[in-house]
Amino acid sequence: MSGGPLTVAVTGAGGRMGREVISAAVDREGVAVEVAVNRTPTDPVAGVAVEDADRLDELLAAAEPDALVDFTGPESAVAYAEACADAGVPMVTGTTGFADAQLDSLRAASESVPVLKASNFARGVAALRRAVREAAAALPGYDVELTETHHNAKRDAPSGTAKSILDDVESVRDDLDRRVHGREGDAPREEGEIGVHARRAGDVTGAHEVLLAGNRETLELTHRAGDRGVFAEGALDAADWLAGRDPGWYGFGDVLDAGDAGV
Ligand SMILES: NC(=O)C1=CN([C@@H]2O[C@H](COP(=O)(O)OP(=O)(O)OC[C@H]3O[C@@H](n4cnc5c(N)ncnc54)[C@H](OP(=O)(O)O)[C@@H]3O)[C@@H](O)[C@H]2O)C=CC1
Ligand SMILES: O=C(O)C1=N[C@H](C(=O)O)C[C@H](O)C1
């Protein structure tokens, strides 16, 4: 926790999440949006002027915000992480869909500044992930299938959260190590599979459902995000927690474990 008013920069300010982060910051006492940028020209968001993203270096140097909050795309998130490293600004990123090499670049930035990356800033998802780890470990031999549902404009599939949950399952179940993305035709389930199903429809904010089945019983664990505000609030909590930390690689679990996330 920074201990004083928190100043933030927001990238992707014209996007669904960028707008939500700015609105949540404006509504939150003790938080000021000092910098907001977008790749394409965008009208002010919640009264905050949005600048050209090409000016980010210059704007960060002038404003020296406590943290930058990024919800954009993998390519831009890497470029913004490099800008943060150059300017000495901690970075919170909720962007998903990174390739391994892009993750390496983010990690390289975390050698200069604190970088906190989370595939989902909802507290309920953190609880879901704990519950999934416990259930998958407690039910050896049970089949596991994951279904995620998102709005029809989402680019990456499966979702970043789904990938995190799959990592969780694999971390406690040595017998499950093969991710099967959908099935078609003559495709009976085989040992070692975790089925993964990505649905894209309408304006669904985000839902993740894990099905465990075996021994003539089923267990379903589901999280549904009610609105994007839940992610924006979590990202601001993360920014507050990250400000002033040492360089390094952090996750949302660090914020929640610390119990001082300003909630
Ligand atoms: N961790 C979490 O809790 C959550 C994560 N997300 C993730 O956040 C990301 C953004 O989601 P969402 O807000 O719905 O997406 P949007 O498409 O609504 O917004 C994306 C924003 O990123 C900008 N952007 C995209 N690509 C580039 C690029 N190459 N260079 C510069 N700017 C770029 C867009 O700029 P422009 O307007 O110019 O196109 C836009 O402002 C996704 O990866 C999503 O999965 C989403 C919700 C919660
Ligand atoms: O793109 C989205 O909308 C979301 N993306 C994140 C993900 O990929 O897991 C988190 C949330 O589910 C919404």
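Counting starts at 1 for both ligands and their atoms, following the listed order. Note that the coordinates shown come from a computational prediction; the quantities given were computed from them, not determined experimentally.
- Contact check on Asp237 versus Arg28 returns a salt bridge, with a Lys/Arg side-chain nitrogen under 4.0 Å from an Asp/Glu carboxylate oxygen.
- Summarising the contacts of atom 43 (O) of ligand 1 with Thr96, Leu56, Val21, the nearest heavy atom is found in Thr96.
- Contacts between Arg155 and ligand 1, counted as non-hydrogen atom pairs separated by less than 4.0 Å, are absent for every part of the residue.
- Annotation for Asn152: atom CG counts as buried by contact number, over 12 foreign heavy atoms lying within 6.0 Å.
- Closest protein heavy atom to atom 38 (O) of ligand 1: Thr40 OG1, 2.9 Å.
- No salt bridge links Arg123 with Glu233; every basic N to acidic carboxylate O contact stays at or beyond 4.0 Å.
- Between Gly94 and ligand 1, an N or O atom pair is found at a separation short of 3.5 Å.
- Residue contacts with ligand 1 for Phe121 involve both N, CA, C or O and side-chain atoms from C-beta outward (heavy atoms, distance under 4.0 Å).
- Under a 4.0 Å criterion applied to the non-hydrogen atoms of Gly12, ligand 1 contributes the atoms 41 (O).
- For the side chain to side chain contact (heavy atoms under 4.5 Å, CB included) with Leu68, the qualifying choice from Leu60, Val8, Val37, Val115 is Leu60, the only one to do so.
- Of the N or O atoms in Arg16, one or more lie within a sub-3.5 Å distance of an N or O in ligand 1.
- On a distance-only criterion, Ala118 and ligand 1 share at least one N/O pair closer than 3.5 Å.
- Under 3.5 Å, the side chains of Thr11 and Asp70 contain a donor-acceptor pair of N or O atoms.
- Residues Ser164 and Ser119 bring a donor and an acceptor atom of their side chains to less than 3.5 Å of each other.
- Interface of Met17 with ligand 1, defined as ligand atoms under 4.0 Å from a residue heavy atom, comprises 13 (O), 46 (C), 47 (C).
- The nearest non-hydrogen atom to atom 40 (C) of ligand 1, considering only Ala157, Gly15, Ala238, comes from Gly15.
- Using modelled atom types and a 3.5 Å distance limit, the side chains of Thr222 and His208 yield no donor-acceptor pair.
- A salt bridge is defined here as a Lys NZ or Arg NE, NH1 or NH2 lying under 4.0 Å from an Asp or Glu carboxylate O, and Arg200 with Glu148 meets this definition.
- Remark: Glu191 CD is loosely packed, at most 12 non-hydrogen atoms of other residues, nucleotides or ligands lying under 6.0 Å away.
- At a threshold of 4.5 Å between non-hydrogen side-chain atoms, the residues Val21 and Met17 count as touching.
- Annotation: Gly73 places no N or O atom under 3.5 Å from an N or O atom of ligand 1; distance criterion only.
- Among Asp156, Asn38, Thr72, the residue whose heavy atom sits closest to atom 37 (O) of ligand 1 is Asn38.
- Heavy atoms of other residues, nucleotides or ligands lying less than 6.0 angstrom from CZ of Arg224 number 12 at most.
- A salt bridge is defined here as a Lys NZ or Arg NE, NH1 or NH2 lying under 4.0 Å from an Asp or Glu carboxylate O, and Glu193 with Arg179 fails to meet this definition.
- Of the charged side-chain nitrogens involved, none lies within less than 4.0 Å of a carboxylate oxygen, so that Arg199 and Glu209 do not count as a salt-bridged pair.
- Within the 4.0 Å heavy-atom cutoff, Tyr80 counts among the residues contacting ligand 1.
- Heavy-atom contacts of Ser76 reach the following atoms of ligand 1: 26 (N), 27 (C), 28 (C), 29 (N), 30 (N), 31 (C), 32 (N), 33 (C) (cutoff under 4.0 Å).
- Listed by chain and residue number, the protein contacts of ligand 2 are Thr96, Ser119, Asn120, His150, His151, Lys154, Asp156, Ser159, Gly160, Thr161, Thr205, His208, Phe231 (heavy atom within 4.0 angstrom).
- Counted within 6.0 Å of CD on Glu220, heavy atoms from surrounding residues, nucleotides or ligands total more than 12; the atom is thus considered enclosed.
- For Ser119, every heavy-atom contact with ligand 1 shorter than 4.0 Å involves the backbone, none the side chain.
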*asked:* Evaluate Asp156 against Lys154 for salt bridge (Lys or Arg N to Asp or Glu O under 4.0 Å), listing each step before the verdict.
replied: CA-CA 6 Å; Asp156 55 317; Lys154 182 165 176 61; 2.8 Å; yes
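- Not one N or O of Thr95 is nearer than 3.5 Å to an N or O of ligand 1, by distance alone.
- Between Arg228 and ligand 1, not a single N/O pair is under 3.5 Å apart.
- Closest protein heavy atom to atom 8 (O) of ligand 1: Phe71 CD2, 3.5 Å.
- In terms of polar-atom proximity, defined here as any N/O pair under 3.5 Å, Arg39 does make such a contact with ligand 1.
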